[in-house]
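A short write-up of the structure that comes next.
Whatever order the structure lists them in is the order used to number ligands and atoms, beginning at 1.
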Amino acid sequence: MTTDFTWTRAQFQLPEGIVYLDGNSLGPLPKATPERVARVMQPEWQNLLIGGWTKAGWHMMPETQGDRIAAMIGAEPGHVVVGDTLSIKVYQALAAALALRPERRVILSDTGNFPSDLYMAEGLAETLGNGTRLVTVAPEDVAAHLTEEVAVLMLTEVDYRTGRRHDMAALTRKAHEVGALTLWDLAHSFGALPVDLAAAGVDFAAGCTYKYINAGPGAPAFIYVAPRHAGAAGTALQGWQGHEAPFAFDLGYRPASRVARMRVGTPPVLQLAALEAALDIWEQVDIADVRARSIALSERFIAGVEARCPQLRLASPRAPEHRGSQVSFHFSEGYAAMQALIARGVIGDFRAPDIMRFGICPLYVGEPEIDRAIDTIADVMAGCLWDRPEYKVKAMVT
Ligand SMILES: *Cc1c(COP(=O)(O)O)cnc(C)c1O
């Protein structure tokens with residue numbers, strides 16, 4: 001374990017001259033990743049060919065990497081598996097949870113949830129065709145809507161736009177009091193703050209690895225099923241890789257006894273190799289240290305921006321314990337302002353309708369980067385440098 005953030009910074013290959021505050025969306029490239037991924041191609045793929053599945057351990061990667069993730073989020077070993085995308089893992093977990101509460105019809109979520117989670121819930125409810133419906137309330141009203149109608153409370157712990165953080169343990173307790181199950185999306189928690197699923201009594205969880213974890217574009221998601229549900233949880237997507245004996249090629253489906261049943265099809269081995277390299281760095285740090293530093297850097301950032309940019313209004317909670325690891329500001333010309341910042345080497349992103357979002361990732365962001373970001377934002381704001389036509393043309397990905 002290290003608390004040496006100079007060491008962690010040295011593990012990343014960041015382009016010269018930029019300040020990267022978008023690791024909450026896509027983490028940067030770890031230096032060890034290209035070689036690790038290349039090794040899967042040569043010698044593994046080249047020489048082992050199909051033998052790689054066993055000889056190089058490819059087949060078990062969803063579970064070996066799942067165990068490493070489990071250790072980082074307070075999950076019991078053997079109860080996390082990696083694969084597919086977060087949307088798909090949310091769908092599987094939600095379907096499993098609903099089936100465990102067959103007499104109930106409400107999925108409760110909030111308006112701060114990421115749209116894909118809500119779309120998945122709507123689609124699943126439609127497919128079930130049994131009157132299951134999604135109820136979406138304001139984040140602060142969630143607790144008051146936990147009634148005995150609710151089958152599943154489905155929330156993202158940290159709001160992707162504002163960074164507002166739910167109290168996972170308290171809401172889970174409250175959900176259980178009315179007999180509901182919980183599904184927590186950890187997209188903006190994993191690698192951002194300490195997570196302890198077992199201690200919080202969470203039933204199902206899912207998260208991704210391309211944001212704070214730095215496993216690269218398209219890196220797979222993961223799913224957690226609490227041990228008490230492991231034997232009863234259905235998978236919704238009965239792929240052959242989740243079968244008890246995939247290579248028996250039975251005509252009938254029998255789920256694997258373990259969380260492996262949540263596997264669907266062939267795992268993305270190249271991406272899993274990138275995940276291995278990313279986790280190597282995470283295993284050298286204590287998330288509590290990362291969290292403490294994230295708070296210190298975020299406070300410095302907020303203070304600096306607020307002192308110098310009256311045009312920007314803080315969108316994130318002011319109290320650090322109610323925030324994830326990002327800081328967001330409202331600004332009516334936020335899209336153009338973000339393009340102006342990016343043109344000056346300070347990379348954050350924009351979320352409709354007016355949010356400028358900055359991810360604070362202590363593994364590779366320190367005081368000099370925060371100070372340069374503050375200076376650049378202050379320049380762009382003071383001089384209205386965002387007011388140029390080319391900064392107002394929306395790109396396909398914002
Ligand atoms: C990033 C994110 C997703 C993305 O889902 P993918 O299927 O991996 O594209 C889903 N949910 C939340 C809460 C997210 O923040």
task = Under 4.0 Å from a heavy atom of T156: give me the atoms of ligand 1 that qualify, with their elements.
result =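 Checking each atom against T156, I get 13 (C).
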
request  = Please identify which atoms of ligand 1 are closer than 4.0 Å to at least one heavy atom of D185.
outcome  =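 Atoms satisfying the 4.0 Å criterion: 11 (N), 12 (C), 13 (C).
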
inquiry  = With a cutoff of 4.0 Å, is K211 in contact with ligand 1, counting heavy atoms of the residue only?
reply    =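 Flag set, K211 near ligand 1.
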
task = Supply the atom-to-atom distance L183 CG to M154 CE, rounded to the nearest 0.5 angstrom.
result =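 Rounded to the nearest 0.5 Å, the CG-CE separation comes to 6.5 Å.
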
key: Under 3.5 Å side-chain donor-acceptor pair for T33 and E35   =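 Their side chains do not contain a donor-acceptor pair, so the 3.5 Å distance test is not met.
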
Within-cut-off N or O pair, [X] and ligand 1, under 3.5 Å:
X: A187; value: no
X: Y160; value: no
X: N113; value: no
X: H188; value: yes
X: T85; value: yes

Note: E148-R104 ion pair, threshold 4.0 Å (strictly below) =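 Salt bridge between E148 and R104, a charged N being under 4.0 Å from a carboxylate O: no.
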
key: E367 bridged to R293 by N-O distance under 4.0 Å   =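 The answer is yes: the pair qualifies as a salt bridge.
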
What residue and atom, counting heavy atoms only, is the protein's closest point to [atom], and at what distance?
atom: atom 11 (N) of ligand 1; result: D117 OD1, 2.7 Å
atom: atom 7 (O) of ligand 1; result: S87 OG, 2.6 Å
atom: atom 6 (P) of ligand 1; result: Y210 OH, 3.5 Å

task = Flag yes if more than 12 heavy atoms outside Q284 fall under 6.0 Å of its CD atom; otherwise flag no.
result =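 Yes, enclosed.
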
query = Is the shortest heavy-atom distance from the side chain of L341 to the side chain of F358 under 4.5 Å?
reply =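 Yes, at least one pair of side-chain atoms sits under 4.5 Å.
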
query = Is the closest side-chain heavy-atom distance between V80 and V259 below 4.5 Å?
reply =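 They are not in contact (no side-chain heavy atoms under 4.5 Å apart), so the answer is no.
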
inquiry  = Ring of Y335, cation from K394 - is the NZ or CZ under 6.0 Å from the centre and inside 45° of the axis?
reply    =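 Yes - K394 lies over the ring of Y335, closer than 6.0 Å to its centre and within 45° of its axis.
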
